[in-house]
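Since the model is a prediction, treat every value here as computed from it, not as a measurement. Residue numbering restarts at 1 for every chain, and letters A, B, ... go by the order of the sequence lines.
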Number of protein chains: 2
Amino acid sequence: MNQLDESLLSAIPPFRRLDRAQIREILDLATPARFDERQAIFEEGAEASRFYLLLDGVIRVIRTTPGGDQIIVLHIAAGQLFGIAPALGHDTYPATATAAGECLVLGWPVRLWPTFVEKYQGFATETYKVVGERIDEMNNRIVELATQAVEQRVACALLRMLNQTGKKVDNGIEITFPITRANISEMTGTTLHTVSRLLSAWEKQGILESARRHIVVTDPHRLVQLSTSAA
Amino acid sequence: MNQLDESLLSAIPPFRRLDRAQIREILDLATPARFDERQAIFEEGAEASRFYLLLDGVIRVIRTTPGGDQIIVLHIAAGQLFGIAPALGHDTYPATATAAGECLVLGWPVRLWPTFVEKYQGFATETYKVVGERIDEMNNRIVELATQAVEQRVACALLRMLNQTGKKVDNGIEITFPITRANISEMTGTTLHTVSRLLSAWEKQGILESARRHIVVTDPHRLVQLSTSAA
DNA sequence: AAGAAACGTTGTCCTGGCTCAAACTCTGAA
DNA sequence: TTCAGAGTTTGAGCCAGGACAACGTTTCTT
């Protein structure tokens, strides 16, 4: 139906083992959509009616506390499935997903999930592998939040983003989507003020370069040091 | 082979839909084991060779940081599967599981996992539902650690244990397994000193009664208040 | 072009809770 | 019954980082 290229899926883990015809089938069932920065793909608490694959861009998964604080639960990088709550027994999304920058997304109705699992060899296994990785990441963040000081947590958050979506540029590694001090504070459980001070200090030390909503890490190795040991 | 009663499994979600013969089969493949307090069922980093079902008791899942801090990632209540890392694509356990009190456990070799999924209708679905719940809980803890003050976090931790394994007694709800101030501090990212002070204060206010390694919450409702709002 | 909104920086103050220290109380082992 | 180890309590001091405040800068809107 739609004119998507098979190569879009053939490199992505849950679809990697499928042949061209199968991928064609899956693409024909998908609804592609483009989202602008800050636009929500789905909201926390809404009925989980679709699951998605992120083709391009970065998605921010957000939770809001009763007290009104927002915290960023995780970032989704291109090539990842998301909104797969229904596959884990939820009938409502447990968090809000918004586009961190411009995004290209494929969506399928949840009723196709069992079909995919049944029909496509390895699909379930590969997907649950992704879930496993996400659990790992969440575990790490819990340990981090419980044991590390703010400076280390911010360093970890930057490194995590570099690993997931960083792009090599001439003077370092760039975070490829718009990000504010406030965003980083929402990932690390601190305030935008503290983040601002840290980034300023690091910029002075030549660890990174930052402009409004934009960060390039020039010395990732130093950042790794900061993320583990103090000072 | 072993003389376990079918009723042990028939009430547990992933097995609920199975008939007696199927449950018998599964039981015959299982290795039952008893663990004493503080005994490890498996260690972080070890090859994930088996998955388990907790029949009785409580399991503590622990991670150790490079810095030597321990933090309690979650508690497993009776009736839950655990050590299912291999089903999520890990070939090594991401955390250590130790018996919080005396425990009765069934274990199966991982090679049976695909068999179970294939052979027993609903097994996979139900299991991933459990995974979904665990992800939810982890999400909540991340938000909690990122936004709440120590007092609220400790209150949340107590409530979580009450919900999972609390037992009604005449004067309140009891935490059914031995737990120290240090344990609670490892769940909440604080120090045993602070936990001690909080519990003392709460005991003075009649919210709970505590003895060495033992807590009974007499006013859970008040604890809920403490877990959301300050003071 | 002007105003508003979003984003970022920096300063000052103040407190929650961590650190260090010491003592007390159980429990179990020998 | 004594001792060692594990668990708990309490005190005193200190500082990382949150709260509050004000201002600078860039971007968007009209």
Side-chain angles (χ1 to χ4, degrees), chain A residues 36-38 65 67-71 98 100-101 144-155 157-158 175 177-205 208-216 226 229-231, chain B residues 36-38 60 65 67-72 98 100-101 144-155 157-158 175 177-205 208-216 226 229-231:
Chain A
D36 288 334
E37 200 187 325
R38 259 171 269 232
T65 67
D69 305 277
Q70 273 198 349
I71 96 114
T98 61
E144 212 177 286
L145 284 165
T147 65
Q148 313 215 264
V150 169
E151 183 177 37
Q152 300 168 43
R153 300 207 302 267
V154 173
L158 287 180
I175 292 176
F177 54 96
I179 186 152
T180 67
R181 317 293 185 224
N183 287 332
I184 297 176
S185 75
E186 285 162 7
M187 305 175 59
T188 50
T190 178
T191 62
L192 72 163
H193 308 277
T194 301
V195 173
S196 177
R197 282 182 242 266
L198 281 172
L199 293 192
S200 295
W202 290 345
E203 187 148 20
K204 222 164 281 174
Q205 294 170 45
L208 53 80
E209 288 166 21
S210 77
R212 147 176 286 235
R213 291 155 49 88
H214 189 85
I215 296 176
V216 176
L226 284 171
S229 66
Chain B
D36 287 334
E37 201 187 324
R38 259 170 269 235
R60 240 193 271 286
T65 67
D69 305 277
Q70 273 197 348
I71 95 116
I72 295 175
T98 61
E144 212 178 286
L145 284 165
T147 65
Q148 313 216 264
V150 169
E151 183 177 37
Q152 301 166 44
R153 300 207 302 267
V154 173
L158 288 180
I175 292 176
F177 54 95
I179 186 150
T180 67
R181 318 295 185 226
N183 287 332
I184 297 177
S185 76
E186 285 162 6
M187 306 175 60
T188 50
T190 178
T191 62
L192 74 163
H193 308 277
T194 301
V195 173
S196 177
R197 281 182 243 265
L198 281 172
L199 293 192
S200 295
W202 290 345
E203 187 148 20
K204 221 162 283 173
Q205 294 170 46
L208 53 81
E209 287 165 21
S210 77
R212 146 178 287 235
R213 291 153 51 87
H214 189 84
I215 297 175
V216 177
L226 284 170
S229 67

Contact residues, residues 186-195 of chain B to DNA chain C [heavy atom, < 4.0 Å]: B/Thr190, B/Thr191, B/His193, B/Thr194
Taking side chain as C-beta onward, heavy atoms only, is B/Leu199 less than 4.5 Å from B/Leu158? yes
For A/Leu226 versus A/Gln152, what's the shortest heavy-atom pair and its separation? O-CG, 3.3 Å
With a 4.0 Å cut-off (strictly under) to non-hydrogen atoms of chain A, the first and last hit nts on DNA chain D, 5' to 3', are D/dG17 to D/dT27
Determine whether a donor-acceptor pair (one donor, one acceptor, N or O, separation below 3.5 Å) exists between the side chain of A/Arg213 and the base of C/dG8. no
Is the backbone N or O of B/Gln148 less than 3.5 Å from a side-chain atom of B/Arg153, with the two atoms forming a donor-acceptor pair by type? yes
For A/Ser200, enumerate each residue passing the side-chain contact (heavy atoms from CB on, under 4.5 Å) test, keeping only those at least two apart in sequence or located in another chain. A/Ser196
For B/Arg153, answer base if it contacts any base atom (sugar-phosphate contacts may also be present), sugar-phosphate if it contacts only those atoms, and nothing otherwise; contact means non-hydrogen atoms under 4.0 Å. nothing
Axial bend angle, the helix from C/dA1-D/dT30 to C/dA30-D/dT1: five-pair end segments, nearest 10°: 40°
Side chain proximity check, B/Val150 to B/Leu198, heavy atoms < 4.5 angstrom: yes
Short heteroatom pairs, N/O only, protein and nucleotides 26-30 of chain C, under 3.5 Å:
| from | atom 1 | to | atom 2 | distance (Å) |
| --- | --- | --- | --- | --- |
| C/dC26 | O2 | B/Arg212 | NH1 | 3.4 |

Expressed in angstrom and rounded to an integer, what is the separation of B/Leu198 atom CG from C/dG17 atom P? 8 Å
Residue pair A/Pro178 / A/Ala100: nearest heavy atoms and the distance that separates them: CD-O, 3.6 Å
Which atom names give the shortest non-hydrogen contact between B/Ile215 and B/Ile179, and what distance separates them? CD1-CG2, 4.2 Å
Using only atom types and a distance under 3.5 Å, with no angle test, would you say the side chain of A/Gln70 pairs donor to acceptor with the backbone of A/Glu186? no
State, to 0.1 Å, how close B/Trp202 and B/Ala155 come at their nearest heavy-atom pair, and which atoms those are. CH2-N, 3.7 Å
Phosphate OP1/OP2 of C/dT10 contacted by A/Ser196 side-chain N/O (<4.0 Å): no
Taking only residues two or more places apart in sequence or in another chain, which ones pass salt bridge (Lys or Arg N to Asp or Glu O under 4.0 Å) with A/Glu37? A/Arg213
What are the two closest heavy atoms between A/Thr188 and A/Ala157, and how far apart are they? CG2-CB, 3.7 Å
When you check the phosphate oxygens OP1 and OP2 of C/dC7, does a side-chain N or O of A/Thr180 lie under 4.0 Å from one of them? no
Look at the side chain of B/Glu203 and the backbone N and O of B/Ser210, then say whether any donor-acceptor pair between them is shorter than 3.5 Å. yes
In whole Å, what is the span from the CZ atom of B/Arg197 to the P atom of C/dG17? 12 Å
Keeping A/Arg181 on the side-chain end and A/Val195 on the backbone end, is there a donor-acceptor pair under 3.5 Å? no
